[in-house]
Amino acid sequence: MRKEFRALVAAAIGAVVVAGAARAQLINPFGNDTVGISTDDAARVKAAIRSVLQQYVLSARQDWQSADGKRAGTATITRIYTENGRRCAMVLHSFTKGPGYPYHAPLCEVAKDDWRIAF
């Protein structure tokens with residue numbers, strides 16, 4: 001069951017659109033209550049992912065922590081590569097404090113600062 005849940009979370013994260021600050025969105029088809037992440041924390045996760053993608057360096061890392069200190073996490077680039085002429089990166093996000101599952105997401109830049117899940 002845990003493996004299936006991770007796959008579902010990975011699919012949800014697959015809906016991540018990491019773009020410019022105004023366009024970045026985390027779409028969670030299961031609702032915030034299912035994963036237990038607040039809107040504010042989701043924004044912090046997106047900002048961390050956006051930060052490492054802007055660096056586009058292997059092992060780039062960005063930590064974040066919720067305002068109340070109950071949840072924290074880290075986004076790290078674990079692989080950089082090109083696919084069909086596009087810059088791509090495998091990003092690992094792990095919660096370091098509070099509940100949450102780690103996930104890897106392959107993202108490719110489809111336009112300047114517009115990263116999408118790569119299938």
Side-chain angles (χ1 to χ4, degrees):
M1 182 70 165
R2 184 176 171 145
K3 191 173 190 179
E4 291 170 342
F5 182 75
R6 283 186 181 186
L8 287 174
V9 170
I13 298 307
V16 171
V17 177
V18 181
R23 296 186 339 215
Q25 296 179 0
L26 173 64
I27 301 168
N28 179 1
F30 309 109
N32 284 345
D33 293 336
T34 303
V35 178
I37 190 167
S38 70
T39 302
D40 184 56
D41 287 351
R44 292 173 193 274
V45 170
K46 291 183 295 186
I49 293 171
R50 189 169 45 252
S51 174
V52 298
L53 289 171
Q54 287 172 342
Q55 295 174 55
Y56 194 66
V57 175
L58 186 61
S59 301
R61 175 185 168 138
Q62 181 64 50
D63 298 326
W64 65 271
Q65 183 170 336
S66 62
D68 62 10
K70 293 182 180 178
R71 182 175 258 170
T74 300
T76 308
I77 291 182
T78 60
R79 178 179 172 220
I80 56 175
Y81 59 101
T82 58
E83 187 171 303
N84 297 324
R86 297 180 181 162
R87 297 187 321 157
C88 299
M90 182 67 79
V91 177
L92 169 65
H93 178 270
S94 299
F95 288 95
T96 57
K97 187 174 184 182
Y101 296 97
Y103 58 84
H104 264 106
L107 300 164
C108 290
E109 190 176 38
V110 296
K112 177 78 171 135
D113 296 323
D114 187 3
W115 293 79
R116 307 280 173 121
I117 189 73
F119 289 102

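Since this is a predicted model, take the numbers as computed values, not measurements.
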*Begin from the C-alpha positions of Asp40 and Ser38 and carry the test side chain to side chain donor-acceptor pair (under 3.5 Å) through to its verdict.*
CA-CA 5 Å; Asp40 184 56; Ser38 70; 5.1 Å; no
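- When all heavy atoms are compared, the tightest approach of Pro106 to Tyr81 is CB-OH, 3.7 Å.
- Nearest heavy atom pair, residue Gly73 against residue Thr96, reads N-OG1, 3.5 Å.
- Using a 4.5 Å cut-off on side-chain heavy atoms (C-beta onward), Met90 and Leu92 make no contact.
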*Give the C-alpha distance, both sets of side-chain angles, the deciding distance and a yes or no for side chain to side chain contact (heavy atoms under 4.5 Å, CB included) between Asp41 and Arg44.*
CA-CA 5 Å; Asp41 287 351; Arg44 292 173 193 274; 4.0 Å; yes
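- Residue pairs meeting the disulfide (SG to SG under 2.5 Å) criterion with at least one member in residues 77-119, sequence neighbours excluded, are Cys88-Cys108.
- Under the salt bridge (Lys or Arg N to Asp or Glu O under 4.0 Å) criterion, Arg86 pairs with no residue at all, not counting sequence neighbours.
- Between Leu107 and Ile117 the shortest side-chain heavy-atom distance falls below 4.5 Å.
- Heavy-atom neighbours of Asn84 CG from other residues, nucleotides or ligands within 6.0 Å: at or below the threshold of 12.
- Across Val91 and Ala75, no two heavy atoms sit closer than the pair CG1-CB, 4.4 Å.
- Note: Ser94 OG to Tyr101 OH = 13.5 Å, rounded to the nearest 0.5 Å.
- Closest of all the heavy-atom pairs between Thr78 and His104 is OG1-NE2, 3.3 Å.
- Heavy atoms only, all atoms of each residue included: His93 and Val45 are closest at NE2-CG2, 3.8 Å.
- Side-chain contact between Ile77 and Gln55 is absent, with no heavy atoms from C-beta onward closer than 4.5 Å.
- Using a 4.5 Å cut-off on side-chain heavy atoms (C-beta onward), Ile37 and Arg71 make contact.
- Listed for the Lys70 side chain is no donor-acceptor partner under 3.5 Å among the backbone atoms of Gly98.
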*Show the numbers, then the answer: is there a side chain to side chain contact (heavy atoms under 4.5 Å, CB included) between Ile49 and Trp115?*
CA-CA 10 Å; Ile49 293 171; Trp115 293 79; over 6 Å; no
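- Shortest non-hydrogen contact noted between Arg87 and Leu53 is NH2-O, 4.3 Å.
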